[in-house]
Protein chains: 2
Amino acid sequence: MHTLTPSLPQIAALIGEPARASMLTALMAGKALTATELALEADISSQTASSHLAKLLNAGLLQVLKQGRHKYFRLHSAEVAALLESLLNLSVSLTPLNVSTGPQDPALRFARVCYDHLAGELGVRLYAGLLTEGLITEQDTQASLTEKGVRFFEGKGCDVERLRRSKRPLCRACLDWSERRHHLAGSLGYWLLQDVMSKGWVTRQPDSRALLFSPSGKRALCKHYPLQTRAC
Amino acid sequence: MHTLTPSLPQIAALIGEPARASMLTALMAGKALTATELALEADISSQTASSHLAKLLNAGLLQVLKQGRHKYFRLHSAEVAALLESLLNLSVSLTPLNVSTGPQDPALRFARVCYDHLAGELGVRLYAGLLTEGLITEQDTQASLTEKGVRFFEGKGCDVERLRRSKRPLCRACLDWSERRHHLAGSLGYWLLQDVMSKGWVTRQPDSRALLFSPSGKRALCKHYPLQTRAC
DNA sequence: CTGATGCTTCGACGGCCATCGAACTATGCA
DNA sequence: TGCATAGTTCGATGGCCGTCGAAGCATCAG
């Protein structure tokens, strides 16, 4: 429960502590994690983690779900995720271009989860393909589904109208951490990731944001979605 | 110049210090301010302010412009402003509804500048009016100009296509600090404020984010733009 | 040159808070 | 019932950093 109404600098200070920032970015993957998992993620003791998590809860940045002797934490709302995302984007945009960006792990660079949608090289190529096929249009960080795009996704079994009625924006362009180009976020980005996961084309690597594509899954993705070729 | 590439928690920690947060939010008004003005704003000595400003500059959050013996600071980019805005929005949305929100000054509550667009009661009523007239549509924080809206604004002398080509999004719904309802942001929001200011309907109060509408200016605004009535 | 103003650097002080050991409670398993 | 594990509370320690006084540059006015 929130005891004090957190002000802007208080929220920023909470995120400004490296251990807490580690936990929060770990939760960007969208999965709920336990206190010990988060302690490992941040490389701190469980006591310290407990104190941090209490503060984040108290400020309303996290939700908690008790299950037996475990406590599962997740981000409180999409607004919190959006804040973390804009922080991440800013830190990326402030980083000089000559240093290598993002994670080193090739699997992470290739395909990973960003909060709840597809990121990495594959996410960027998919977004670019949707754009060149005229299925979405872009104006800065604001993307919209075209008429053609609506027909395309409904042909894949997506209830676009239902997504549109949800609280989150339908399409958003999210700046990719490692690629520095946009990938698809928003409720449609969420639906898309769910779709390719439900079809078994991809599986989540345990304890990581990385996504593992089977060879056949990768072929299927290329066939059913317009991926831009690597070259460009 | 940026010596180190600031990471996410570093950026957050910079904003998390109350004095620095004061300076940054003061700069949200869009005007460039001198070091002493910012020191006054944050209620700290000039030495301390100098140290804070050096850190913000070094992290790439601010730009500086030397003019004689003065230094004018402003936010480095629209991305920084967007980050501050999402922080502000989150702190508003986390604040319980039973406490009075936003500034006490009635002039500030009525009309003020939010970075570079119109906020306050008038901004909220204008946004609602645009919505009910079908000039814009809204899906969560994503607003778009309708065909009718394009014709409306072009009739007012706005080059919508040019705005669309700018780096910023054309329309954005920005959660109003005092009113807790949306007002119009994005490049169109910027154009609109410039328009009403160039027409002399409103003037900026010196050293404040408040906007002063003359009686005739207010009438003109009501006549030329669809303001929602106070009641709703 | 002289004085005034804007801003910076240096150094010392002080407070806040992240950290972890130790001890404790709560849940699950056999 | 007893042991193991998850999580919390308390207290002591230590480090980081915001703060301002004093002194030092730079710029401008005369």
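The structure displayed is predicted, hence computed values, not measured ones. By convention in this document, chain letters (A, B, ...) are assigned in the order of the sequence lines, proteins followed by strands, and residues within each chain are numbered from 1.
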Residues at least two apart in sequence or cross-chain that pass salt bridge (Lys or Arg N to Asp or Glu O under 4.0 Å) with A:Glu17, listed by chain then number, are none
So, does B:Lys71 get its side chain near the phosphate of C:dT8, meaning an N or O under 4.0 Å from OP1 or OP2? yes
State whether A:Lys55 places a side-chain N or O below 4.0 Å from either non-bridging phosphate oxygen (OP1 or OP2) of C:dA18. yes
For DNA chain C, what residues of residues 42-52 of chain B have any heavy atom nearer than 4.0 Å? B:Ser46, B:Gln47, B:Ser50
Rounded to the nearest angstrom, tell me the gap between atom [atom1] in [X] and atom [atom2] in [N].
X: A:Leu14; N: C:dC16; atom1: CG; atom2: C1'; result: 14 Å
X: B:His70; N: C:dT8; atom1: NE2; atom2: P; result: 13 Å
X: B:Leu65; N: C:dC7; atom1: CG; atom2: C1'; result: 15 Å
X: A:Asn58; N: C:dC17; atom1: CG; atom2: P; result: 13 Å
X: B:Leu56; N: C:dT8; atom1: CG; atom2: P; result: 12 Å

Residues at least two apart in sequence or cross-chain that pass side chain to side chain contact (heavy atoms under 4.5 Å, CB included) with B:Ala12, listed by chain then number, are A:Ile15, A:Leu87
Pick from A:Leu33, A:Leu84, A:Val80, A:Leu61: which one makes a side chain to side chain contact (heavy atoms under 4.5 Å, CB included) with A:Leu27? A:Leu33
Going by atom types only, do B:Ser50 and B:Gln47 share a side-chain donor-acceptor pair under 3.5 Å? no
Under a 4.0 Å heavy-atom criterion, DNA chain D is touched by chain B from D:dG18 to D:dC28
State whether A:Tyr225 and A:Lys156 meet the cation-pi test: NZ (Lys) or CZ (Arg) under 6.0 Å from the six-membered ring centroid, and within 45° of the perpendicular axis. yes
Could you tabulate the donor-acceptor pairs under 3.5 Å formed by side-chain atoms of residues 196-203 of chain B, not counting sequence neighbours?
unit_1, atom_1, unit_2, atom_2, d
B:Ser198, OG, B:Gln194, O, 3.3
B:Ser198, OG, B:Asp195, O, 2.8
B:Lys199, NZ, B:Asp195, OD1, 2.7
B:Lys199, NZ, B:Asp195, OD2, 3.4

Does any non-hydrogen side-chain atom of A:Leu184 lie less than 4.5 Å from one of A:Leu126? no
Using side chain to side chain donor-acceptor pair (under 3.5 Å), reason through B:Ser45 and B:Thr48 one step at a time and then give a plain yes or no. CA-CA 5 Å; B:Ser45 71; B:Thr48 310; 3.0 Å; yes
To the nearest 10 degrees, how far apart in direction are the end axes of the helix from C:dC1-D:dG30 to C:dA30-D:dT1, each fit to five base pairs? 30°
Are B:Arg112 and B:Glu121 within salt-bridge range, i.e. N to O under 4.0 Å? no
In terms of relative ring orientation, are B:Phe110 and B:Phe213 parallel, tilted or perpendicular, with 30° and 60° separating the classes? perpendicular
Taking it one step at a time, do A:Arg172 and A:Glu85 satisfy salt bridge (charged side-chain N to carboxylate O under 4.0 Å, His left out)? CA-CA 12 Å; A:Arg172 278 199 40 256; A:Glu85 205 174 273; 2.7 Å; yes
